[in-house]
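Taking it in order: structure first as structure tokens, then the write-up.
Only a predicted model underlies this, so the values are computations on that prediction, with no experimental measurement involved. To find a chain, count down the sequence lines: A is the first, B the second, and so on, and within it residues start at 1.
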2 protein chains.
Amino acid sequence: MSRTPPHPTREQIELPLVLDCLSDPIRLAIVYQLAQQERVSSELCCGDFNGLSGKSNLTYHFAKLRDCGLMQTRVAGTNRFMRLRREDLEARFPGLLDAVLKSAAKDADRLQLLST
Amino acid sequence: MSRTPPHPTREQIELPLVLDCLSDPIRLAIVYQLAQQERVSSELCCGDFNGLSGKSNLTYHFAKLRDCGLMQTRVAGTNRFMRLRREDLEARFPGLLDAVLKSAAKDADRLQLLST
DNA sequence: CAATTGGTTCAAGAACTATTGAACATTGCG
DNA sequence: CGCAATGTTCAATAGTTCTTGAACCAATTG
């Protein structure tokens, strides 16, 4: 439980899984929030998303985001720090993440995303 | 059954629904094939996708693609002609469809898409 | 009119998804 | 050590999704 969970390699990242991950409003909000944070520190920990859902439900969504290659988890003490796998995604699917993030930003109200 | 089915307006197109639609391999293949066809005629009918799945299953996926605003169906005699709602999607989510199509093209083998 | 073509509808089933809460594990701190 | 904080795991559940086949409908053709 204290070890770094498994992540897919860059090459293992699959388009349908990524799109499916991004199609869930909670996960989209997580990704959006991570992207916003990038300007500042590039990492956030689980607790920073407590506004989006309950803890165990977040764990579930984090796992999906990790499994599809969208984000990476780093274990540090009692915290898990997350960051977007921007470079890997850009390498596999150029322009995709940005297009999704821009689209999300456009609909921030409708999607109830917090615009930092 | 012979009437034109309902379509969402441009403004009603929702990001999560679009992403969810594109996350299914069969639907992604349909969209990809429609995009390929655009160079030629911009429309295809149901039968052109018979290689992807059975007829009734295709009807199901067509409905999803219609309901989320990705494509439009036009009834003509005994045929239904489909086309991508490129302009509406570009207006709502600039660059998104192209990014997805490019990503799909990159993984055409993996996704078993037929590259015209 | 009868048969064919192109596609839809409906019902059923298997599989998967998201959500919840309770119990648990690990780390850090007084 | 004892306790709080941070997350995870597990089981249960409600709901959704995809797939299939059989029956059906509407338009065209002979």
**Message:** Contact list please: residues 23-30 of chain B against DNA chain D, heavy atoms, distance less than 4.0 Å, in numerical order.
**Reply:** B:Asp24, B:Ile26, B:Arg27
**Message:** Any side-chain to backbone donor/acceptor pair from B:Gln33 onto B:Ile30? Under 3.5 Å, distance only.
**Reply:** no
**Message:** Would the distance check show the side chain of B:Asp48 and the main-chain N or O of B:Cys45 forming a donor-acceptor pair, the cut-off being under 3.5 Å?
**Reply:** yes
**Message:** Would you say B:Thr78 places a side-chain N or O within less than 4.0 Å of OP1 or OP2 belonging to C:dG6?
**Reply:** no
**Message:** Has B:His7 got a side-chain atom pairing as donor or acceptor with B:Pro5's backbone, closer than 3.5 angstrom?
**Reply:** yes
**Prompt:** Going by the salt bridge (charged side-chain N to carboxylate O under 4.0 Å, His left out) test, which pairs reach into residues 50-76 of chain A, not counting sequence neighbours?
**Reply:** A:Glu43-A:Arg74
**Asked** For B:Phe62 and D:dC18, what is the distance between atoms CZ and P respectively, to the nearest whole Å?
**Response** 14 Å
**Prompt:** Atom NE2 of B:His61 and atom P of D:dT17: how far apart are they, to the nearest Å?
**Reply:** 12 Å
**Nearest-angstrom distance from the residue atom NZ of A:Lys64 to P of C:dC16** = 11 Å
**Item:** Presence of salt bridge, A:Glu87 and A:Arg92, under 4.0 angstrom
**Value:** no
**Request:** Please report, rounded to the nearest Å, how far the P atom of C:dT8 is from the CZ atom of B:Phe81.
**Result:** 12 Å
**Prompt:** When you check the phosphate oxygens OP1 and OP2 of C:dG6, does a side-chain N or O of B:Arg80 lie under 4.0 Å from one of them?
**Reply:** no
**Prompt:** In whole angstroms, how far is the P atom of D:dT29 from the CG atom of B:Asn79?
**Reply:** 11 Å
**Asked** Side chains of A:Arg83 and A:Gln72: do they bring a donor and an acceptor to under 3.5 Å?
**Response** yes
**Complete:** Tightest non-hydrogen contact, residues B:Glu14 and B:Phe93, listed as C-CZ, 4.0 Å
**Interface residues of residues 45-57 of chain B with DNA chain D (non-hydrogen, below 4.0 angstrom)** = B:Ser53, B:Ser56, B:Asn57
**Request:** Return the value, rounded to whole Å, for the distance between atom CG of B:Leu19 and atom C1' of D:dT17.
**Result:** 17 Å
**Request:** Taking all non-hydrogen atoms of both residues into account, name the closest pair between B:Leu114 and B:Tyr32 and its distance.
**Result:** O-CE2, 3.9 Å
**Asked** Do the side chains of B:Leu70 and B:Arg85 get nearer than 4.5 Å, heavy atoms only?
**Response** no
**Item:** Neighbours of DNA chain C within residues 66-74 of chain A, by heavy-atom distance under 4.0 Å
**Value:** none
Please list every donor-acceptor pair under 3.5 Å in which a side-chain atom of residues 94-105 of chain A meets a protein atom from a residue at least two apart or in another chain.
from     : atom 1 : to      : atom 2 : distance (Å)
A:Asp98  : OD1    : A:Arg86 : NH1    : 3.1
A:Ser103 : OG     : A:Ala99 : O      : 2.8

**Fill in**
Separation of C:dT20 atom C1' from A:Tyr60 atom OH, nearest Å, is 13 Å
**Request:** Send over the distance from B:Leu58 CG to D:dC18 P, rounded to a whole Å.
**Result:** 13 Å
For residues 16-25 of chain B, which side-chain N or O atoms pair as donor and acceptor with protein atoms under 3.5 Å away, sequence neighbours left out?
from    : atom 1 : to      : atom 2 : distance (Å)
B:Ser23 : OG     : B:Asp20 : O      : 2.7
B:Asp24 : OD1    : B:Ile26 : N      : 2.9
B:Asp24 : OD1    : B:Arg27 : N      : 3.1

